[in-house]
Every structure is written in C-alpha cells, then in structure tokens.
Amino acid sequence: MVVTVQQHIQQQQADITAASGTFSLLLGGITLATKIIEAKIRTAGLSDVLGAFGQTNVQGEAQQKLDVFANNALLHCLGARDMVAALVSEEDEEPVTFDRSPDKGKYIVVFDPLDGSSNIDVNVNVGTIFSILKRQPEGDLQASVLQPGYKQVAAGYVVYGPSTVLVYTTGNGVHSFTLDPTIGAFVLTAEKMQMPKHGPYYSTNEANAEEWPAGYRTYIDTLRSGTAGTYSSRYIGSLVADFHRTLLKGGVFLYPPTKKQPKGKLRLLYEANPLAFIAEQAGGMASNGTGRVLDIQPEAIHQRTPFMIGSEREMTLLAEVLAR
Ligand code: AHG
Ligand code: MN
Ligand code: MN
Ligand code: MN
C-alpha cells in the first residue's frame, strides 16, 4: 500500500519536538502549493506563464511570470494556515506576517518559490525550496526569522523534472516522494537516503573561474587532473537539480565568491540552509568556504553566501585545498 507524505510526516511526528498535528497541516500547505505550481509548469507553453513578468525583485532579478505564480501559490496555501506566524520569500522584500498569537502562529516558512528561473523558458528542471523554523518565544519576529540553519525544524525541496520529486527532512533522515499524478499525492519512494561518500561529478559555473579566489581554481584543476579520481562536469544551472543529482550520485556543487558577487550569489536562508540541512542529514557536508553553512548567524533575510555542498571526500579535499 502506498505511503503518502502526509502519512509519513504523521509517523515522524514523534521526532519533531513538541509538534502536534499542526506540523503535518503546515507541510500539507507546502505540498498543495507545489502541486499547483507543478500543474502550471507542465502546461507552461499552453498558458501565459513563460517569460518575464515585467518587474525586478529585491534581488535585482527580472522576475519571471512563474516566479510570481509560484510565490502567490505558496503565500495563498500557507497564509491560510493559522500555525504560520510569517512567510519569507526570495520574491518579497519583507517577511509576510500574520497577526496570530505566539501559541497559534508557531512556525515560520522560508522559501525560494521557483528555483532555476533562467531555465523555465527552455523546459529544463526547476524547483521549489523550503525551510521551516519555529517562532522563538523571546525576541521579535525578525529574530525568529534570522535563526542559524542548525535551528531549522524541517527543510525540503521539490524538483520539477521528468517526474516531480519531493525530498524533505525533519532531522530524522532524508526521505523522498514522487508525485503520482493519477492520485495527486506524493508517494514515498526512498527513506533515510545517504549521499555517496564520493561521487564522479563536480558542478559549478566555470565561466566564473577567473573571478574566483585562487584556491577554488586550484581545487577544480585538481579534480580535472585525475590525481584525485576521475570526474565529469555537470551544471544544470538550477540549484535544486544540481543538488538532487549530488544527493543521489555524490560529488560536489560549488558557487564560490566572484568579483561580481564577493559574498556569493546563493541566498543563505532559502537556498543554502535548507539544502545544507538535507545534505548533513544524508551524510554530506555544506560549507561557505571557511565554515559550516548551518552555523552562520544570518544578519539579513536575503543575505547571500558562498556555497559549496556535496560528498564527504570532495568536501574534505576542498577544505584542505582552501586551507593551503
Ligand atoms: P533563482 O532562480 O531562485 O533566482 O536561483 C538561481 C540560482 C540557482 O538556481 C543556480 O544554481 C544559480 O542561480 C545559477 O547561477 P549562474 O547562472 O550564475 O550560474
Ligand atoms: Mn531568482
Ligand atoms: Mn534559487
Ligand atoms: Mn527563485
């Protein structure tokens, strides 16, 4: 008999500190939104969701129509759930807050509604990334939003590819589900996933190599040289898809600092932290080049970070090379 993500999270409930059924209701809001997004993506060419929306977001990016659609789907599905205290999105400058008492509004959901926007119009995998934090009793809501990654209560992503796959963790292993369109449910396909300790792929935008700090060039040259093993280069340009391959096959993904983006391009709260949580739960590692991503104390909701994530062997070698 199939196990859906709702059933699975119920079974996991005991492991989520002081989580009542509200947590599975919260996750239900996320999965509902991703099904709405998935349905729109599958027929993108037939409805008016390709191309630019015509506005620039707080990131300075030209918003795509699907960025806006996906953002609205998540705000709609989650805003209606009374356990949500605040929603933080790549597409919104400020958190969207709800006037709910702290005993009701227990959770903050942080998300990248549509990851890999540059790939939408060319029909290449895109994704949605989410991270769930608990509202802290002390301090204001902003303090609860700016928690370091090790405080996440859950994290996950959906990759919209040949099939639609949801991967999540609540700190008790990494589990994956495939959307079964015949029943409209995410069905369990793998439990307690482990990232291979070594993998044959490195994944980075090599066009930036001349802008990287020298240690990163040395590292990629080492992987290319064959002295550390045989590697292939794979770069999709959608973080979720590049990470999903790394989770399943092993290897390493890197977005180092560049002259244009000296603090890195990827965003800490809704790209690096959720994937770092998943990677570590699966036996992998995630670094900002000098330390563990999950230890970074955020200062701002759209803060960027250099982001390297992958298998133990490739990440250990990276740390050694960067320390030289
Ligand atoms: P988003 O579409 O959510 O803005 O994220 C895009 C990110 C990430 O998906 C990907 O890894 C990276 O941008 C690609 O950047 P480059 O095109 O600079 O390589
Ligand atoms: Mn974007
Ligand atoms: Mn993204
Ligand atoms: Mn995005």
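Model, not experiment: these values are computed from the prediction. Indexing begins at 1, ligand by ligand and atom by atom, following the structure's order.
Taking the Mn ion (ligand 4) as the corner point, the angle from Leu114 atom O to Asp112 atom OD1 is about 90° (rounded to 10 degrees).
Among protein heavy atoms, the minimum distance from atom 6 (C) of ligand 1 is reached at Asp115 OD1, 3.9 Å. At the shortest separation from atom 14 (C) of ligand 1 among protein heavy atoms lies Tyr235 OH, 3.4 Å. Residue, atom and distance of the protein heavy atom nearest to atom 18 (O) of ligand 1 are Tyr255 OH, 2.6 Å. In this structure, atom 15 (O) of ligand 1 lies nearest to the protein heavy atom Lys265 NZ, 2.9 Å.
Note: an N/O pair closer than 3.5 Å links Gly116 and ligand 1 by distance alone. Residue-to-ligand polar distances place Glu90 within reach of ligand 1: an N/O pair is separated by less than 3.5 Å. Between Asn208 and ligand 1, no N or O atom pair is found at a separation short of 3.5 Å.
Note: Tyr107 and Phe23 have perpendicular aromatic rings, judged against thresholds of 30 and 60 degrees for the angle between ring planes.
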- Message: Applying side chain to side chain contact (heavy atoms under 4.5 Å, CB included) to Phe98 and Val84, what does each step give before you reach the verdict?
- Response: CA-CA 7 Å; Phe98 302 90; Val84 171; 3.9 Å; yes
- Would you check, one step at a time, whether the test side chain to side chain contact (heavy atoms under 4.5 Å, CB included) holds for Phe111 with Leu87? CA-CA 8 Å; Phe111 51 84; Leu87 298 173; 4.1 Å; yes
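Per residue Glu90, closest N, O or S atom to the Mn ion (ligand 2): atom name OE2. Of all N/O/S atoms in Glu61, OE1 sits nearest the Mn ion (ligand 2).
The environment of Asn205 atom CG is dense: over 12 non-hydrogen atoms of other residues, nucleotides or ligands sit within 6.0 angstrom.
Under a 4.0 Å criterion applied to the non-hydrogen atoms of Leu239, ligand 1 contributes the atoms 8 (C), 9 (O), 10 (C), 11 (O). Heavy-atom proximity to Ser117, at under 4.0 Å, picks out these atoms of ligand 1: 2 (O). Those atoms of ligand 1 with a heavy atom of Arg267 less than 4.0 angstrom away are 1 (P), 3 (O), 4 (O), 5 (O). Counting atoms of ligand 1 from 1 in the listed order, those under 4.0 Å from a heavy atom of Leu114 are 2 (O), 3 (O). Close approach of ligand 1 to Glu61 (heavy-atom distance below 4.0 Å) involves ligand atoms 4 (O). Set against the non-hydrogen atoms of Ser238, the atoms of ligand 1 under 4.0 Å away are 9 (O).
When each of Glu91, Glu93, His302 is checked for a side chain to side chain donor-acceptor pair (under 3.5 Å) with Asn57, only Glu91 meets the rule. Of the residues Tyr255, Phe253, Tyr157, Phe277, the one that meets the ring pair (Phe, Tyr, Trp, His ring centres under 6.0 Å) test with Phe243 is Tyr157.
A donor-acceptor pair is defined here as one N or O able to donate and one able to accept, closer than 3.5 Å; such a pair exists between the side chain of Gln297 and the backbone of Leu146.
Taking a cutoff of 4.0 Å between a charged side-chain nitrogen and a carboxylate oxygen, Arg42 and Glu38 qualify as a salt bridge. The existence of a salt bridge linking Lys263 and Glu299 is excluded, since no basic side-chain nitrogen approaches an acidic carboxylate oxygen closer than 4.0 Å.
Contact annotation: Leu266 has at least one heavy atom less than 4.0 Å from an atom of ligand 1. A heavy-atom separation below 4.0 Å is not found between Ile129 and ligand 1. Heavy-atom separations between Glu271 and ligand 1 include at least one value shorter than 4.0 Å. For Gly237, the heavy-atom gap to ligand 1 drops under 4.0 angstrom.
Under the 4.5 Å side-chain contact rule for hydrophobic residues, Leu247 and Phe177 do not share a cluster.
Only the side chain of Asp112 comes within 4.0 Å of ligand 1, counting heavy atoms alone; its backbone N, CA, C and O stay farther away.
Atom CG of Asn288 is separated from atom CD1 of Ile309 by 12.0 Å, given to the nearest 0.5 angstrom.
In this structure, a donor-acceptor pair under 3.5 Å is absent between the side chains of Glu90 and Gln59. Under 3.5 Å, the side chains of Glu314 and His198 contain a donor-acceptor pair of N or O atoms.
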